Amino acid sequence: MILRCLLFVCMAGLLAGCTVRYGMPTPGYGYPSALSAFAPRMGSSGNYTYYPRYEAYYHHGTQQFYYPNGKKWVVQPTVLNSSAQEIRATPGVPFQFPDHPEKYHAAVKEAFPSTWTPGKGRFDEPYQFGHSGWDIDRR
């Protein structure tokens, strides 16, 4: 009986430490709280990739770009005079939107301006002696 209780306490401690990262968005993108619900979860690449330099969304299922042109939204295999390869070579942000990106575009454009580049994620940074994980997270 004592062995079972000890085993239970050890397993509960291990599981509490293992579940922290599951389901979290990929580090380095800096999703604001208003958009974090649309960040793809681990194991998913999302259904759209937003390319801030072109203000365009690439839909992976249809292989089309969605972008605003005045008050209308255009859907084409490329954006203006750029090839799809050129656009996809620039930094992009993955999203998992349940519907058309037009609904979220104002928040996305504000969070990821045309000059945006991906930052380093917390786990890509070197360990800093004398700083706890809390200090690194609050940088």
Side-chain angles (χ1 to χ4, degrees):
M1 181 67 179
I2 294 174
L3 185 60
R4 284 185 186 172
C5 289
L6 182 61
L7 182 64
F8 176 77
V9 169
C10 289
M11 292 300 288
L14 287 172
L15 288 175
C18 291
T19 59
V20 173
R21 293 234 338 136
Y22 179 75
M24 298 298 288
T26 306
Y29 293 107
Y31 293 92
S33 59
L35 296 171
S36 63
F38 306 112
R41 302 300 177 206
M42 293 177 87
S44 170
S45 61
N47 58 352
Y48 287 96
T49 300
Y50 177 64
Y51 294 96
R53 188 175 298 163
Y54 294 91
E55 199 177 328
Y57 299 83
Y58 180 76
H59 187 261
H60 298 278
T62 60
Q63 298 182 347
Q64 299 281 320
F65 286 95
Y66 292 64
Y67 61 95
N69 188 1
K71 291 187 178 189
K72 293 183 179 181
W73 277 75
V74 179
V75 179
Q76 293 182 348
T78 187
V79 177
L80 301 176
N81 296 327
S82 303
S83 72
Q85 291 79 16
E86 286 178 282
I87 299 166
R88 295 185 73 196
T90 64
V93 185
F95 283 101
Q96 184 68 44
F97 291 136
D99 44 15
H100 199 280
E102 176 183 15
K103 184 176 180 180
Y104 315 99
H105 184 61
V108 171
K109 187 177 176 182
E110 182 180 333
F112 302 100
S114 62
T115 57
W116 176 86
T117 57
K120 291 184 99 177
R122 171 177 173 250
F123 299 101
D124 297 330
E125 296 175 357
Y127 179 76
Q128 297 176 2
F129 289 98
H131 292 90
S132 69
W134 175 256
D135 295 332
I136 293 170
D137 285 342
R138 298 196 60 195
R139 54 181 169 226

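In what follows, every heavy atom counts, from backbone to side chain, and hydrogens, waters and symmetry copies are set aside. Heads up: numbering here begins at 1 and tracks the sequence. Not measured: the values here are computed from a predicted model.
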A.B. asks: List the residues meeting side-chain hydrogen bond (donor to acceptor under 3.5 Å, both in side chains) with Tyr51, not counting sequence neighbours, and say none if there are none.
C.D. replies: none
A.B. asks: Transitively linked via ILVMFWY side-chain contacts under 4.5 Å: Phe112 with Tyr48?
C.D. replies: yes
A.B. asks: Give me each pair satisfying salt bridge (Lys or Arg N to Asp or Glu O under 4.0 Å) with a member in residues 56-82, each pair once, sequence neighbours excluded.
C.D. replies: none
A.B. asks: Atom CD in Glu55, atom NZ in Lys109: separation rounded to 0.5 Å?
C.D. replies: 4.0 Å
A.B. asks: Listed by chain and number, what are the ring pair (Phe, Tyr, Trp, His ring centres under 6.0 Å) partners of Phe38, not counting sequence neighbours?
C.D. replies: Phe97, Tyr104
A.B. asks: Quick one: closest heavy-atom pair of Pro94 and Tyr31, and the distance?
C.D. replies: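 Pro94 and Tyr31 have their closest heavy atoms at O-OH, 2.5 Å.
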A.B. asks: Check for me whether the distance between the ring centres of Tyr57 and His105 falls short of 6.0 Å.
C.D. replies: yes
A.B. asks: Quick one: pull up CH2 in Trp116 and OH in Tyr50 and give me the separation to the nearest 0.5 Å.
C.D. replies: 10.5 Å
A.B. asks: Which residues pass the ring pair (Phe, Tyr, Trp, His ring centres under 6.0 Å) test with Tyr67, not counting sequence neighbours?
C.D. replies: none
A.B. asks: Between Gln96 (side chain only) and Ala39 (backbone N and O only), is there a donor and an acceptor less than 3.5 Å apart?
C.D. replies: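 The answer is no, because no donor-acceptor pair under 3.5 Å joins these two groups.
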A.B. asks: In Å, rounded to the nearest 0.5 Å, how long is the span from CD of Gln64 to OG1 of Thr78?
C.D. replies: 10.0 Å
A.B. asks: Do any side-chain atoms of residues 79-88 form donor-acceptor pairs under 3.5 angstrom with protein atoms, and if so which ones, sequence neighbours left out?
C.D. replies:
{"from": "Ser83", "atom 1": "OG", "to": "Glu86", "atom 2": "N", "distance (Å)": "3.2"}
{"from": "Ser83", "atom 1": "OG", "to": "Glu86", "atom 2": "OE1", "distance (Å)": "3.3"}
{"from": "Glu86", "atom 1": "OE1", "to": "Ser83", "atom 2": "N", "distance (Å)": "2.9"}

A.B. asks: Should we say atom CD of Glu110 is surrounded by more than 12 heavy atoms from elsewhere, each under 6.0 Å from it?
C.D. replies: no
A.B. asks: Tell me, do Val108 and Leu35 make a side-chain contact under 4.5 Å, heavy atoms counted?
C.D. replies: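 Yes, side chains in contact.
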A.B. asks: List in chain and number order the residues that pass ring pair (Phe, Tyr, Trp, His ring centres under 6.0 Å) with His60, two or more places apart in sequence or in another chain; answer none if no residue qualifies.
C.D. replies: Tyr58
A.B. asks: Would you say that Glu102 contacts Pro68 through its side chain, given a criterion of any heavy-atom pair below 4.5 Å between the two side chains?
C.D. replies: no
A.B. asks: Would you say Phe65 ends up clustered with Val75 if hydrophobic residues are merged whenever their side chains have heavy atoms under 4.5 Å apart, either directly or through other cluster members?
C.D. replies: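 As far as the 4.5 Å side-chain criterion goes, Phe65 and Val75 are not connected within one cluster.
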A.B. asks: To check you understand the geometry: which heavy-atom pair defines the closest contact between Pro91 and Pro52, and what is its length?
C.D. replies: O-CD, 3.4 Å
